Amino acid sequence: DSGVTQTPKHLITATGQRVTLRCSPRSGDLSVYWYQQSLDQGLQFLIQYYNGEERAKGNILERFSAQQFPDLHSELNLSSLELGDSALYFCASSPRPGQDYGYTFGSGTRLTVV
Amino acid sequence: LAKTTQPISMDSYEGQEVNITCSHNNIATNDYITWYQQFPSQGPRFIIQGYKTKVTNEVASLFIPADRKSSTLSLPRVSLSDTAVYYCLVGDNTGFQKLVFGTGTRLLVSP
């Protein structure tokens with residue numbers, strides 16, 4: 001157990017639907033990062049939050065949005081889902097912005113869009 | 001962001017030492033070098049991080065030459081369970097830049 005909790009572990013939904021993925025960072029970590037990993041794309045950075053504020057943005061689609069709440073948990077919202085959105089979605093956290101301690105990843109949410 | 005180049009794949013046998021080299025010619029002064037390990041369907045796991053010279057922990061060693069344009073992850077006496085993808089990343093420690101994963105090195109350890 002890495003200390004980063006992601007729910008649900010698996011999610012199957014239909015095209016056009018909307019889903020919410022949840023991440024609880026490791027205790028004491030203020031930064032949360034979201035990554036998407038599909039078979040043919042590798043790990044793609046989506047977005048980063050630090051203490052509730054967006055800090056960095058990657059190739060995140062406009063159909064996707066995220067936020068970090070006061071209790072530091074984060075949610076990634078995916079809407080108007082397409083077949084190509086099927087992937088593993090990972091959340092990672094770190095104590096503060098930076099790599100001094102590395103990032104701790106959760107076990108991911110496997111999203112299947114049918 | 002400094003771009004990294006790693007071999008796509010490597011093969012080894014149990015008990016051997018494995019060295020995976022990563023090139024990062026455009027590394028910046030403030031950049032650290034970090035290595036992650038990823039098993040199928042699992043999140044990447046932090047292995048080791050360094051800035052210069054040599055760093056060693058219970059899992060691996062990281063060798064960084066003086067010019068810092070490359071680094072080598074050394075895994076002593078690998079076992080079958082070390083079969084995984086290994087990623088080399090460089091970035092500063094402000095945390096305000098995207099941590100970008102490359103394609104990584106797929107290590108296959110055989111009996």
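Model, not experiment: these values are computed from the prediction. Labels below follow one simple rule: chain letters A, B, ... track the order of the sequence lines, proteins then strands, and each chain is numbered from 1.
Taken together through direct or relayed side-chain contacts under 4.5 Å among Ile, Leu, Val, Met, Phe, Trp and Tyr, L107(B) and I47(B) form part of one hydrophobic cluster. Note on L89(B) and F63(B): separate hydrophobic clusters, where clusters join Ile, Leu, Val, Met, Phe, Trp and Tyr whose side-chain heavy atoms are under 4.5 Å apart, directly or indirectly. In this structure, V18(B) is a member of the same hydrophobic cluster as V55(B), with clusters built from ILVMFWY side-chain heavy atoms closer than 4.5 Å.
In this structure, no portion of Y51(B) lies under 4.5 Å from any heavy atom of chain A. For chain B, no part of Q44(A) is nearby; none of its heavy atoms comes within less than 4.5 Å. Only the side chain of L88(A) comes within contact range of chain B, with at least one heavy atom under 4.5 Å from a heavy atom of that chain.
At most 12 non-hydrogen atoms from other residues, nucleotides or ligands lie less than 6.0 angstrom from CD1 of I8(B).
The distance from atom CZ of F45(A) to atom CZ of F101(B), rounded to the nearest 0.5 Å, is 11.0 Å.
Pairing each heavy atom of Y103(A) with each of Y36(B), the nearest pair is N-OH, 2.8 Å.
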Which pairs of donor and acceptor atoms, one on a side chain in residues 16-23 of chain A, lie under 3.5 Å apart (sequence neighbours left out)?
unit_1: T20(A); atom_1: OG1; unit_2: N77(A); atom_2: OD1; d: 2.7
unit_1: R22(A); atom_1: NH1; unit_2: H73(A); atom_2: NE2; d: 3.2

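Among the candidates G104(B), P44(B), G43(B), the residue making the largest number of heavy-atom pairs closer than 4.5 Å to chain A is P44(B).
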